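One structure below.
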Amino acid sequence: MDMHVKKLGLKEKYAHMTRGLGWDTTYQPMEKVFPQATFEGIKIHDWEKWEDPFRLTMDAYWKYQAEKERKLYAVLDAFAQNNGHLGITDARYLSAIKLFLTGISPLEYVAHRGFAAAGRNFPGVGPRVACLMQSIDEVRHAQTQIHAISNYNKHYDGFHDFKHMLERVWYLSVPKSFFDDAFSAGPFEWMIAIGFSFEYVLTNLLFVPFMSGAAYNGDMATVTFGFSAQSDEARHMTLGLECIKFMLEQDPDNLPIVQKWIDKWAWRGIRVLSLVGMMMDYMLPKRVMSWKEAWEIYFEQNGGALFNDLARYGIKVPECLTQCSVDKEHISHQAWATFYQYGGAAAFHTWMPNDEEMDWLSAKYPNTFDKYYRPRFTYWREQAEQGNRFYSNTLPMLCQVCQIPMLFTEPDDPTQICYRESEYKGEKYHTCSDGCKHIFDDEPEKYIQAWLPVHQIYQGNCFNEGVDPTAEGFDPLAEVLKWYHLEHGKDNLDYEGSRDQQNFQAWRGMATQNT
Amino acid sequence: MQIDLRTVSIKPLRNTFDHIARRFGDKPASRYQEGTYDIQQTDIFHYRPLWEPEKILFDKSRTKIEMKDWYALKDPRQFYYGAYTIARARQQEAAESNFEMIEERGLAALVPEALRDIALDVLIPLRHVEWGGNMGNSYIAAYGYGTAITQPCLYHAMDHLAVAQYLTRIALTLDTPVALDTAKDAWMNGALWQPMRQHVENLLVLQDWFEIFVAQNLVLEGLTYPLFFDHLDSKFAAGGGTAISMMTRFMGEWSAETAKWVDAQIKVAAAESAENKQAIADWVVEYRGRTLEALAPLAGRAFGAEADAVLGEVLAAFNARCAKLGLSV
Amino acid sequence: MSKVFIAFQTNEDTRPIIEAILADNPHAVLDEQPAMVKIDAEGELVIKRESIEELIGRDFDLQELQVNLITISGHLDEDDDQFKLSWLN
Ligand SMILES: [Fe+2]
Ligand SMILES: [Fe+2]
């Protein structure tokens, strides 16, 4: 037997299997085949220099991914059959999962479409294949999350109309506008926004400590989809990192563009993560680590290592990050305080931490919690106990860029709300921070388009058809909630007294009596 | 405290998500339904795309086909990611064992030289056509409308990549990696392949995603796969080239499966309106002619004197298929 | 030197992998958390196919790592024999 085919190594095999497939077109000009390749100003001279980080061919991809899927769905089936939802520590915990399904899963979907676009638009075969694999992984994430959470939706409120809510509800425009922003940019910026900033710098913060927290709170469905999604993330992170190195190595003119995008997307991502900070510090009944600790491990240490590494290309740590070492002590508390006040207009339940939880927060945030937040939270809790639970029904002003209500404080004064103002074509626009103002000023034409939920309410765009705002007794908040498909008294308000709380207790009671 | 949670019988508050219930009623929904219907955003977008400022991010006007409900284009295979990958992993296992058997027993060496040369000349450059199929379908996955069709188009794109990789593996089994360079040179410069390359490149610059769907998934695949993975396969099998047939088994099975999905899309879109039907029929006529021109020299190389007869059979079967879909072409 | 890390789901499949990593990288530090195990290491971390194969008594393809992988940090260089994470600075 002629053994002229020697066993090919992984790298060699992968090169044959993918890189050789592409060609420079001649019957049609390359700029027509790849029309998005140059308009952002990034210069690429040689796509062949791209290094494939993970070298998966489709056969291996199917094999390993199918194995992951079989395992995942076996867990989900068992979870549904065995009433796994009753095994969680406390149904308060589900507020975090509601925020996850409404705010994050639909973005996995947008990531899928955006990476399909990137996987079509780069003239190089290597990055295209990697982007397409990420695109198909992302549809996996969207679907496994929906499938896992589907069982919770059957038994608890707040999950039932997640896609409708994502497009409308005030706080969900924060994550939604983030992905809209990235997808409406060109393919290279998309890669920095999602491939690099989001995947490399931020998803660890979202998935790793939070999912570990889900395990700690007995939610095996979430931990399973979370870690299973994260196993793809390792590939996505290396893609993001490779992409940034590749751009920087190809042409020195790319550095200022890449730096600008890193600055923008690091800040934009950090703002979105305020929601995750609040999930970790307030919404998990049993906590694995504080937001601040997670930030230090996954952002400061890991991100620090990354920026050290990128320094050789001339990349500098984004300026806005200096503010983050102050913010990490505050943002989760400020965000939760805001949601507690606006708990009437949120599709999850809110509450004030109990004494034991406040002690935990004091221990984790010795510099800030007792000084700035505990007194206020204690007061609110007492008020609620006395029957004076206060829900704000005025509407907060939103940042024109990150779309978070103006709730964050000045970096040098945690008692002063931070506002920044820009003027564009005679109109004034407000932002929440230097970081957001900077982003606005750089691309005002883009950010003036933002669909700000609060402005839209004032303009009368957030009521169902046929509703007459001039009618007597018109209740704007009630009408907005209807337009959101948010069921007042079920999806919103305090956990205490909610249908979720009652059902969970009753069902658990049935379980304990049966043993 | 040990709690036996299984013993609790609970009546659920609802059976599925509201957007699913609005379509199918509040009853238990399949994983395909929950993972597909209405998960693409439709209503509110914050910014106009820098790359196409006259449109919104997901925009219905990226094709001239119009549908009242784009989710009418459902996948008869009901592929969501898990179902898709598990199905493909099973097929891949079968393909893998075929390749292994051929490699272990040296079966490639038994293929008569004339057939081996046909395979190298015709099947190996085809990997670039497959790569074009990947690009067209990833375009649809990105810019198409509604998850019901964009989702399977991404699976289809990945499948084309896989087929290109199987073809690569055939080259490496029948020959050395040099065969890949030879095939690429034939693709770029050989007279046999220039009409096909021109056709494929023309498809890469189409803007209307449904037009791509018709030109690529219905017409190009509908003519090419039967020609190479059915008729040519029979010729290989009959002439002692079973090893080659074994290595292309995936492609044969795959095209039968995916053709059913493609047909379901065309049928529904054409039945929606006279305008849709006309547009699709016009595309079929246009691309059928171009594809046949591109295939003629390749059929000549593969079938010699019988080329016209074989192409005629392929065409007749294709026309019958279109007629069944309600197209007069 | 910066730290690299790798994290796996805690289960039967990953136990021998973690054992092999710790044996091959004496400078690595184990950090056990609910449902996951994280391994931190200064500078670099190398996972060797042979070491895992010795522990599990069968052939192992390093791409199998992906099934239970949660996250990594550092530049990745993977070939048939090893999976290496490192920072250059
Ligand atoms: Fe994802
Ligand atoms: Fe902001």
Side-chain angles (χ1 to χ4, degrees), chain A residues 1-2 4-5 16-17 20-23 25 27-28 32-33 36 57-59 62-63 65-66 69 73 82-83 86-87 109 113 116-117 119-120 132 135-136 139-140 142-143 146-147 150 153-155 160-161 163-164 167 177 180-181 183-186 446 449-451 507 510-512 514-515, chain B residues 3-8 10 12-15 17-19 31 34-35 38-39 41 43-51 57 80-82 85-86 88-89 92 96 106 109 127-128 131 135 138-139 141-142 151 154 157-158 161-162 164-165 168 172-173 176-177 180 184 188 198 201-202 204-205:
Chain A
M1 192 169 69
D2 180 9
H4 55 223
V5 188
H16 289 315
M17 289 291 185
L21 295 175
W23 72 96
T25 57
Y27 295 103
Q28 291 288 349
K32 252 185 107 180
V33 177
Q36 293 188 29
T57 45
M58 283 311 294
D59 51 359
W62 287 332
K63 180 175 160 196
Q65 295 299 109
E69 288 292 275
Y73 283 102
N82 300 339
N83 286 322
L86 296 180
Y109 180 81
R113 299 291 292 269
R120 172 61 185 79
L132 288 176
S135 171
I136 189 171
V139 80
R140 164 175 198 249
Q143 291 176 337
I146 291 167
H147 291 154
S150 172
N153 172 55
K154 291 179 177 155
H155 301 101
H160 54 90
D161 215 350
K163 179 264 178 189
H164 182 89
E167 292 174 317
S177 67
D180 277 12
D181 192 350
F183 195 11
S184 57
K446 180 169 209 175
Q449 301 172 52
W451 191 95
W507 292 330
M510 285 157 69
T512 38
N514 279 350
T515 43
Chain B
I3 310 176
D4 190 1
L5 300 171
R6 278 164 306 179
T7 58
V8 189
I10 298 172
L13 302 181
R14 58 184 78 76
N15 287 299
F17 298 106
D18 292 358
H19 55 273
R31 286 195 165 132
E34 289 195 342
D38 298 311
I39 63 171
Q41 292 152 43
D43 292 331
I44 290 159
F45 298 97
H46 290 272
Y47 323 100
R48 295 271 162 170
L50 295 180
W51 33 270
L57 271 178
Y80 59 97
Y81 178 92
T85 11
I86 289 169
R88 289 292 178 263
Q92 149 59 19
E96 185 62 40
R127 58 206 283 272
H128 304 293
W131 184 235
M135 291 173 70
S138 40
Y139 182 95
Q151 164 179 236
L154 184 65
M158 303 316 274
L161 172 60
Q165 293 180 341
T168 306
L172 297 175
T173 308
T176 65
L180 298 171
K184 178 103 173 235
M188 293 307 292
Q198 183 165 19
E201 290 186 12
N202 289 343
L204 295 182
V205 300

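The structure displayed is predicted, hence computed values, not measured ones.
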**Item:** With sequence neighbours excluded, residues passing side-chain contact (heavy atoms from CB on, under 4.5 Å) with A:Gln28
**Value:** A:Lys32, A:Val33, B:Glu201, B:Asn202, B:Val205

**Request:** Determine the option with the most heavy-atom pairs under 4.5 angstrom with chain B, choosing from A:Trp507, A:Tyr27, A:Tyr73.
**Result:** A:Tyr27

**For the student: nearest non-hydrogen atoms of A:Asp180 and B:Tyr47, plus distance** = C-CD1, 3.8 Å

**Asked** So what's closer than 4.5 Å to chain A heavy atoms on B:Asn15: side chain, backbone, both or neither?
**Response** backbone

**Request:** Let me know if B:Ile39 has heavy atoms under 4.5 Å from chain A in its side chain, its backbone, both or neither.
**Result:** both

**Message:** If I take atom NE2 from residue B:His128 and atom CH2 from residue A:Trp23, how far apart are they, to the nearest 0.5 angstrom?
**Reply:** 7.5 Å

**B:Gln41 side chain to A:Tyr109 side chain, donor-acceptor N/O pair below 3.5 angstrom** = no

**Item:** A:Trp451: partners by ring-ring contact (aromatic ring centres under 6.0 Å, His included), with sequence neighbours left out
**Value:** none

**Complete:** Between the CG atom in A:Asp161 and the CG atom in B:Asp38, the distance rounded to the nearest 0.5 Å is 9.5 Å

**Asked** Got B:Met158 and A:Leu132 here, is their nearest side-chain heavy-atom distance under 4.5 Å?
**Response** yes

**Request:** Considering only heavy atoms and a distance below 4.5 Å, find which of A:Gln36, A:His164, A:Gln65 pairs most often with chain B.
**Result:** A:Gln36

**Request:** Find the distance between NZ (A:Lys63) and CD (B:Glu96) and round it off to the nearest 0.5 Å.
**Result:** 7.5 Å

**Request:** Please answer whether the main-chain N or O of A:Ala185 pairs with a side-chain N or O of B:Trp51 as donor and acceptor at a distance below 3.5 Å.
**Result:** yes

**Item:** Step-by-step side chain to side chain contact (heavy atoms under 4.5 Å, CB included) determination, A:Arg120 to B:Leu204
**Value:** CA-CA 10 Å; A:Arg120 172 61 185 79; B:Leu204 295 182; 4.2 Å; yes

**Item:** Straight-line distance of A:Thr57 OG1 to B:Gln92 CD, nearest 0.5 Å
**Value:** 8.0 Å

**Message:** Please classify the contact between B:Leu57 and chain A as side chain, backbone, both or neither, with a heavy-atom cut-off of under 4.5 Å.
**Reply:** side chain

**Request:** Check whether A:Glu167 gets within reach of chain B through its side chain, its backbone, both or neither, counting any heavy atom under 4.5 Å.
**Result:** both

**Message:** Strictly distance-based, threshold 3.5 Å: is any side-chain N or O of B:Arg14 a donor or acceptor partner for the main-chain N or O of A:His155?
**Reply:** no

**Prompt:** Going by atom types alone, do A:Ser150 and B:Glu34 pair a side-chain donor with an acceptor below 3.5 Å?
**Reply:** yes

**Request:** Write down the atom of A:Ala66, the atom of B:Ala89, and the distance for their closest heavy-atom approach.
**Result:** CB-CB, 3.4 Å

**Message:** What part of B:Leu180 gets within 4.5 angstrom of chain A, counting heavy atoms only: side chain, backbone, both, or neither?
**Reply:** side chain

**Asked** Can you name the nearest heavy-atom pair linking A:Trp62 to B:Thr85, along with the distance?
**Response** CD1-CG2, 4.0 Å

**Request:** Return the minimal non-hydrogen interatomic distance between A:Gln143 and B:Tyr81, and the atom names on each side.
**Result:** OE1-N, 2.8 Å

**Message:** I'd like to know which of A:His147, A:His16, A:Lys446, A:Glu69 tops the heavy-atom pair count under 4.5 Å against chain B.
**Reply:** A:His147

**Request:** Any chance you could measure A:Thr25, atom OG1, to B:Gln198, atom CD, to the nearest 0.5 Å?
**Result:** 11.5 Å

**Item:** Residue selection (most heavy-atom pairs with chain B, distance under 4.5 Å) from A:His160, A:Gln449, A:Lys163
**Value:** A:His160

**Complete:** When every non-hydrogen atom of A:Gly119 is compared with those of B:Ser138, the smallest separation belongs to O-OG, 4.2 Å

